[in-house]
Structures are given as C-alpha cells and as structure tokens.
Amino acid sequence: MFQSIAFYIGEKTLDLNGQEYPLGELTAEVLNISPDEYHKLHRILAKAVCKMVNYEKSHQMQDWFDANEKMIELHRSLVRHRVFRLLQETEEILSEARVLTGQYSLFQEPEDLEPTERDLEIAAAIGEYQDYLEHPEEYGGDDFLGAQMEDGYYEIRAPRPPIPPKPPEKTRALLVWPGDLNVKWEYYRQCCMRYGELLEDIASVCQTLQEFIRMGISSLDKLTPDNYLAALHEFLYSERSYKWIANPLEGTGFYTAIDDVRLQLVPRETSPGSGTFKVYEYYETTHLQTMLKLDFYKALEAGHIIRKCENCGRYFLLQKGYHTKYCDLPNPANPKYTCAQLGYRLRGIKEDAEGSPLAQALYRCYQRIDKDCSRGVITAEERTKLREKAQELYHQARTKPGTTYEAFDTSLAKERLYPRCGVERKSRPRGRPKRES
C-alpha cells in the first residue's frame, strides 16, 4: 500500500498530500471500518498469501498471477476509503505484476530479464518525466539570477532544463522492479506484506480507540481538552488497561506504546498569501497506526472529539465540546434525512424554550445572571462561569433519568448555583450617601 507516510500537523489540522483535514477526521474514517468489512479484507489477504506460498513452491507463473489478482481485489477494497486513496503507492506495482504474469505464457523459453543498456535509458527517461510531472515549474523557460557588481546590479539569464518528452512504455525487464524474476518476486512479496501490517494496524486502532470513546469520552460531563487528555491517561495507564487495549496476549492486535517516527519542525504560512506563519510539525513514519494516534491525540489536545452516533452507529468528528448524540451524515436507512434530524424527531430529545420546562428554567436562569452582571453585582468572568455551570446542569437533567423539573429549577436558584461556582454577589449600597458632618 505504501512505504512511508509523510504529513504535517498544524494547530488544528493534519496536512496529507497537500490537503488539510481537521484533526481527528481521518481517524474517524478508519474507525468506521466495520468488523465484517475487516474480516472480509483479512480473508482476501489470506487467499493471496496462500497463492504466494504456492508460487514459491512451484514457481508456476499462474500461481503468481492468481495471488496478484487477490492483491488487486484487496487494494481496490481498501481505496474505497479516502484515507487509503491518499496513502496508496503500490497500485502501479500490482498493475505491472498483472502484465508480467499475464503475458508470461507467450514466452515459452526462460527469459533473460536483466536490464540492458536500452532498458536503463528508458528507466532514466521515465524518472526524468516523472520528476517533470511533480515539479513542472522547474522545466522550460528561463530563470533570472541577480548579482550586485561594483558598477551596478545585473541579472543573469539561466535557462531551465527543457521539458522532457513522454517516455516509452516499460519493457518487461523494468516491470515491478528492474532485474531478473527472483529480484522482481522478492520486491513484490515485500510490498504485499505491507498490506498485512496495514490490516493489523487497522484492527489495533479500532479495538483500542473505540473502547476509549465508549469508556472515556462518552462518560464525561464537562467536555474540555484537559478532561479528554486526563481520560486518555487513565485509559492507557490503568492497571486493567490490557482488557481494552489491543495486545498480542489477548489476540486483539498490537497497539504500540512506542512508535518510530522522524520529526522536522517547519515554519510556514498558514495559507498561501496569508502573511501569518506558524511552526508545523512534519512527521514521517512507516506505520498507519502512528499517524492515526498522532491525529487522534492531537485532536483531543485541540478540543476535537470523536463520538459514536446513537442512530446509525458510525463515528463522527466534533470540533467543539458538545454532548451531541447524532451525526449529520445521511441516515443509511433514510438518506433524505440526517441521523440528527431523524433522531431528534423520533426520540424527542431536542427541546426548545417554548415546549420544554427545563429549557424555560435555563432561560430564566440566564436572565438572572445577565441582570446581575449588568448591575455590577458579578464580574464578566463570573457570569461566564455561572452560565457554563447552568448549561452543564441542564444537560444532566436532560440525560439522567428520574430528574424532575422542580429539582432542576431549584439547582439553578441563586442560593444554590452561585455558591456552587464559588461566586459571591456583591451588595450595592442603596439610597443617597450620607452627608459628611
């Protein structure tokens, strides 16, 4: 699938292949790979490996061809997901292996696939043309170099390399990897083994992070980055963590505690022409798991969380700390509506101020708090603290069964709410000030 992954992490985004994604978005996509889909992918890989073993025993090209067809099926199943389309590097190798093995019946005698001088010339032309496609601005036309001399400033004209012509097709000696059949097979086999590592990373990340979302995130009352990271610390380093973190002893995968990664700090513009610069972290790793952990952990630090939709069961990203139960994706059973629209309509969880006594009590509480702030009885910071606490009590009253309106309304009274937040109302003197004698 890939040899390595290179990506940037900014303040709240991850940049992969020149495209920015909110932190946590790609992880949420991987978490939505269902157990059924994963087992199907694993079965396809197992069949491919079986054919590869047959080839190593028989050296019959038909076995290599059959193994490659299964690898193509696996690759196409994976790239249905955006994150794997962004990471794919080996599609060309699989296509070239199909050409090599599919044509082999035409060559009855053993071939000498060692590259000739002509083959090497074609390989060089292909490399040059590929470089042109990646960096077209470096070819054709002229560059002008400035030089300050004693008698003035001069511009020196420096022609760029000419645009290379489109190269010929690869010869059989260059397919998959330059060299004889044994060299090609060894390189091909190593590329295919990367798919096994990829599937293990998917299983390990899904098992572990789904448990954390269920146990750590969903139980939080106050959604803040500090609380997210505290919950993550408790989840990872608890004495019972082996029960929910993927590990070889339980046969659930291998969620690594230490990851190999190369880091480079790069100052650059937040967007082209913005004039605002920040330090971005440039990472390079060989494992999908490492990228997803960085994406997810940095997302928590930035205040993003991933939740599981209570309607369709899919995971979705929230970039603010809301107790949202449903995603905004089209509902699988009724695509005309989102899960949020259907969930609030069918289950009656969304409330408005007109029809909900709880919402009305919260609104009256907000009015009392704002009035105290306008009178100077409390500060603006205390006002914010009181409103946030009132919102938290409102969420608890809505979600915890058995909470009555009377109990909730009493909890919002000044005599209860203000001391709970450590706020003391400042009394103001009434009437005219006394005359000095």
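FYI, side chains are in, hydrogens and waters are out, and symmetry mates aren't considered; it's all heavy atoms of this structure. Throughout, numbering of the chain's residues begins at 1 and tracks the sequence.
- Judged purely by distance below 3.5 Å, without hydrogens or angles, the side chains of E186 and Q190 pair a donor atom with an acceptor atom.
- Open room surrounds NZ on K243; 12 or fewer heavy atoms of other groups in view lie less than 6.0 Å from it.
- A donor and an acceptor atom, one from each side chain of T27 and D295, are located under 3.5 Å apart.
- Rounded to the nearest 0.5 Å, atoms SG (C339) and NZ (K325) are 14.0 Å apart.
- Using cut-offs of 30° and 60° on the angle between ring planes, the pair H81 and F84 is perpendicular.
- A cation-pi contact, defined as under 6.0 Å to the ring centre and within 45° of the axis, links R268 to Y8.
- None of L393, I369, L386 except one satisfies the side chain to side chain contact (heavy atoms under 4.5 Å, CB included) rule with L412; the exception is L393.
- Under a cut-off of 6.0 angstrom, the local environment of CG in D260 is sparse, with at most 12 non-hydrogen atoms contributed by other residues, nucleotides or ligands.
- The distance between the ring centers of Y237 and H233 falls below 6.0 angstrom.
- Looking at D201 and K293, no side-chain N of the basic residue comes within less than 4.0 Å of a carboxylate O on the acidic one, giving no salt bridge.
- Contact detail for G24 and I306: the closest heavy-atom pair is O-CD1, 3.5 Å.
- For D131 and Y139, the side-chain atoms include at least one donor-acceptor pair closer than 3.5 Å.
- Here the straight-line distance linking atom CG of L26 with atom CE of M291 works out to 5.5 Å at 0.5 Å rounding.
- Rounding to the nearest 0.5 angstrom, the gap separating the CG atom in L41 from the CD1 atom in I33 is 7.0 Å.
- Checked against T384 for a side chain to side chain contact (heavy atoms under 4.5 Å, CB included), the options R387, E388, E382 give a single hit: E388.
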Under the salt bridge (charged side-chain N to carboxylate O under 4.0 Å, His left out) rule, what do K298 and E281 come out as? Steps first, then yes or no, please.
CA-CA 11 Å; K298 291 289 187 179; E281 298 168 357; 3.6 Å; yes
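- Note on R157 versus D143: no salt bridge recorded, every NZ/NE/NH1/NH2 to OD/OE distance being 4.0 Å or above.
- If you check the side chains of Q289 and T256, you find a donor sitting under 3.5 Å from an acceptor.
- Atom CZ of R425 sits in a crowded spot, with more than 12 heavy atoms from other residues, nucleotides or ligands closer than 6.0 Å.
- Salt bridge status for E96 with K170: present, with a side-chain N to carboxylate O gap under 4.0 Å.
- More than 12 heavy-atom neighbours from other residues, nucleotides or ligands sit within 6.0 angstrom of CD on E392.
- Between E197 and R194 there is a salt bridge, since a side-chain N of the basic residue sits under 4.0 Å from a carboxylate O of the acidic one.
- The cationic group of R307 does not satisfy the cation-pi geometry with Y315, failing either the under 6.0 Å distance to the six-membered ring centre or the 45° limit from the ring axis.
- R262 CZ: 12 or fewer foreign heavy atoms inside a 6.0 Å radius.
- Annotation: W244 is in aromatic contact with F235 [ring centroid separation under 6.0 Å].
- Not a single side chain to side chain donor-acceptor pair (under 3.5 Å) links K47 to another residue, sequence neighbours left out.
- A salt bridge does not link E138 with R160: every distance from a Lys NZ or Arg NE/NH1/NH2 to an Asp or Glu carboxylate oxygen is 4.0 Å or more.
- The aromatic rings of Y195 and H75 stand perpendicular to each other, their planes meeting at an angle above 60°, with 30° marking the opposite boundary.
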Apply salt bridge (charged side-chain N to carboxylate O under 4.0 Å, His left out) to D63 and K51, showing your working.
CA-CA 6 Å; D63 288 327; K51 294 293 184 181; 5.1 Å; no
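- Across all non-hydrogen atoms, the minimal contact from K184 to L100 is CD-CD2, 3.9 Å.
- With 3.5 Å as the limit, one finds a donor-acceptor pair spanning the side chains of Y188 and N68.
- Relative ring orientation between W185 and W64 is described as perpendicular, the plane-to-plane angle rising above 60° on a 0-90° scale split at 30° and 60°.
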